[in-house]
Amino acid sequence: DAGVIQSPRHEVTEMGQEVTLRCKPISGHNSLFWYRQTMMRGLELLIYFNNNVPIDDSGMPEDRFSAKMPNASFSTLKIQPSEPRDSAVYFCASSSRGVSHEQYFGPGTRLTVT
Amino acid sequence: AQSVTQLGSHVSVSEGALVLLRCNYSSSVPPYLFWYVQYPNQGLQLLLKYTSAATLVKGINGFEAEFKKSETSFHLTKPSAHMSDAAEYFCAVKGTDKLIFGTGTRLQVFP
């Protein structure tokens, strides 16, 4: 299995621009999670989906952030407009809704907003 | 509600010394507990998990953790540290449909 795939791996953009991060979960997994990691705030859960439906988006910082999961094999996290404080590493993870809920993480997207 | 507390944001050991990373949990139901490791510039990787079977859980890279209900602890240990163990380690507990992560412990290994 290829694991969780994220693209791009690195993104550098200017303040005010739209940024779209992409994630392909492991085939057969029906839960998907978006995390943000910074030195100051550590690892934060932004939003998660079960069976393509958003369950909890309470971690989404503000309306500039949005996430979609149009099908079981693809999700996006969009920031519009981006700001320098959005600079972070964004991780996607997936899991099957089994007993242990073990999550498998992607390699992350390092976002820099100048 | 479930939660985990990792004691010590930084731990330093010499190569060959015992590694002990502390995690205490809070859970209203029998917990499922996890340790993840994050190497520099990589995503999190599962080290081991406890799912109410044996209380001593063995993971990858020589790590193990012991579930102690009386102490509400799930500490991670390795008898002999290696330079390649330098990383950040996260303890987590299963919540409703998601994992609740601790704040992480950065392990430094000195030669």
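In what follows, chains carry the letters A, B, and so on, assigned in the order in which the sequence lines appear, proteins first and then strands, with residues in each chain numbered from 1.
- With a threshold of 4.5 angstrom between heavy atoms, A:Gln37 approaches chain B through side-chain atoms but not through N, CA, C or O.
- Distance check: A:Glu102 CD to B:Lys94 NZ gives 13.5 Å after rounding to the nearest 0.5 Å.
- Rounded to the nearest 0.5 Å, atoms NZ (B:Lys98) and CD1 (A:Ile47) are 11.5 Å apart.
- Shown here is A:Glu62, whose CD atom has more than 12 heavy atoms of other residues, nucleotides or ligands within 6.0 Å.
- A donor-acceptor distance shorter than 3.5 angstrom exists from the side chain of B:Tyr36 to the backbone of A:Gln103, with no hydrogens or angles considered.
- Taking chain A as the reference chain and counting heavy-atom pairs below 4.5 Å, the highest number among B:Leu46, B:Ile100, B:Leu44 is found for B:Leu44.
- Using a 4.5 Å cut-off between heavy atoms, B:Gln38 touches chain A through its side chain atoms alone.
- In terms of non-hydrogen atom pairs under 4.5 Å with chain B, the most contact-rich of A:Phe105, A:Tyr35, A:Tyr104 is A:Phe105.
- A distance of 10.5 Å separates CG in B:Leu99 from OH in A:Tyr48, rounded to the nearest 0.5 Å.
- The hydrophobic clustering, which links ILVMFWY residues whose side-chain heavy atoms are closer than 4.5 Å, places A:Phe65 and A:Leu21 together.
- Only the side chain of B:Phe90 comes within contact range of chain A, with at least one heavy atom under 4.5 Å from a heavy atom of that chain.
- With a threshold of 4.5 angstrom between heavy atoms, A:Arg41 does not approach chain B through any atom at all.
- Within a 6.0 Å sphere centred on CZ of A:Arg64, heavy atoms belonging to other residues, nucleotides or ligands number more than 12.
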